[in-house]
Amino acid sequence: DTFSGSLSTGLMYENEVWLSEDEEQRETHDLIKSTTSINFRERIAERVDLVLFGYYQARPDQFFEPRITLDSQLQVELYENIRLAVQWVSTYDAAPILDAPDWTYQLTNNIIISL
């Protein structure tokens, strides 16, 4: 009852439109990619859940040059319908379009209200 997880795989269509910082260069890409995801949710304390999502997305002709994303959340139940969530999302892209960094990350704090 305290742990759940899933694994899925499939194909996706991705349309990317990139504009350089100086807005002089624009690139559009329409790609078919394989996508595999894994997710876990575990209750680690009475009111605390850990949620992890991982994605591996790659073009079939560049399967070992993927985009890998980890989305992790620590959710704390404050009241019956209110949760605090601390979220860390990091992405590594082996072949970024334009002159973009290959590794990005974001840390956010969220209040979740369920009605």
Side-chain angles (χ1 to χ4, degrees):
D1 290 341
T2 64
F3 175 80
S4 66
S6 67
L7 173 68
S8 64
T9 190
L11 292 175
M12 64 183 254
Y13 168 77
E14 182 175 84
N15 173 265
E16 295 183 336
V17 178
W18 288 85
L19 191 61
S20 63
E21 274 189 33
D22 57 9
E23 299 185 10
E24 291 183 13
Q25 187 179 6
R26 177 187 173 105
E27 288 195 32
T28 302
H29 294 267
D30 295 299
L31 305 167
I32 299 292
K33 290 186 173 183
S34 69
T35 181
T36 302
S37 65
I38 188 167
N39 89 47
F40 294 103
R41 176 181 294 264
E42 182 167 8
R43 170 117 326 161
I44 58 177
E46 184 178 341
R47 298 178 143 208
V48 181
D49 291 330
L50 178 64
V51 182
L52 300 171
F53 295 98
Y55 300 94
Y56 185 99
Q57 299 170 336
R59 293 174 32 185
D61 61 336
Q62 297 177 342
F63 191 75
F64 296 107
E65 296 179 25
R67 176 187 308 132
I68 301 170
T69 301
L70 173 64
D71 181 342
S72 55
Q73 290 185 22
L74 186 65
Q75 297 181 0
V76 179
E77 183 179 331
L78 302 175
Y79 300 100
E80 185 176 326
N81 296 331
I82 300 174
R83 292 176 165 261
L84 170 66
V86 178
Q87 181 179 28
W88 171 263
V89 180
S90 59
T91 300
Y92 172 77
D93 194 337
I97 295 176
L98 294 178
D99 189 22
D102 57 359
W103 189 66
T104 59
Y105 57 91
Q106 179 179 10
L107 177 65
T108 57
N109 296 307
N110 303 293
I111 300 289
I112 301 169
I113 301 172
S114 302
L115 302 175

Taking every non-hydrogen atom, the tightest pair across [X] and [Y]:
| X | Y | value |
| --- | --- | --- |
| P96 | P101 | CB-O, 4.2 Å |
| Q75 | A85 | CG-CB, 3.9 Å |
| Q87 | N110 | OE1-ND2, 3.7 Å |

Under 4.5 Å between side-chain heavy atoms, chaining through other members, with only Ile, Leu, Val, Met, Phe, Trp and Tyr counted: pull out the rest of the cluster around F63, sorted by chain and number.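 Noted: F63 shares its cluster with Y56, F64, I68.
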
Can you tell me if S72 uses its side chain to pair, donor with acceptor, with the backbone of W88 under 3.5 Å?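 Yes.
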
Heavy-atom donor-acceptor pair, S34 side chain to A58 backbone, under 3.5 Å: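 It does hold such a pair.
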
Should the pair E16-R59 be classified as a salt bridge under the 4.0 Å nitrogen-to-oxygen rule?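 Here E16 does not pair with R59 in a salt bridge, since their nearest N and O are not under 4.0 Å apart.
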
Within this structure, what is the [atom1]-[atom2] distance for the pair [X] and [Y], rounded to the nearest 0.5 Å?
| X | Y | atom1 | atom2 | value |
| --- | --- | --- | --- | --- |
| L74 | L52 | CG | CG | 10.0 Å |
| T104 | R67 | OG1 | CZ | 9.5 Å |
| Q57 | D93 | CD | CG | 9.5 Å |
| R83 | I111 | CZ | CD1 | 12.0 Å |
| Q62 | K33 | CD | NZ | 9.0 Å |
| D71 | S37 | CG | OG | 11.5 Å |

Same cluster (ILVMFWY, side-chain, under 4.5 Å), [X] and [Y]:
| X | Y | result |
| --- | --- | --- |
| V48 | L78 | yes |
| I44 | V76 | yes |
| W103 | L107 | yes |
| V51 | Y55 | yes |

Is the shortest heavy-atom distance from the side chain of L115 to the side chain of I113 under 4.5 Å?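 When only atoms from C-beta onward are counted, I113 and L115 do touch, with a gap below 4.5 Å.
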
Could I get the full list of ring-ring contact (aromatic ring centres under 6.0 Å, His included) partners for F3, not counting sequence neighbours?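 For F3 the ring-ring contact (aromatic ring centres under 6.0 Å, His included) partners, ignoring immediate neighbours, are F40.
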
Between I32 and Y13, does the side-chain contact (heavy atoms from CB on, under 4.5 Å) criterion hold? Intermediate values first, please. CA-CA 5 Å; I32 299 292; Y13 168 77; 4.1 Å; yes

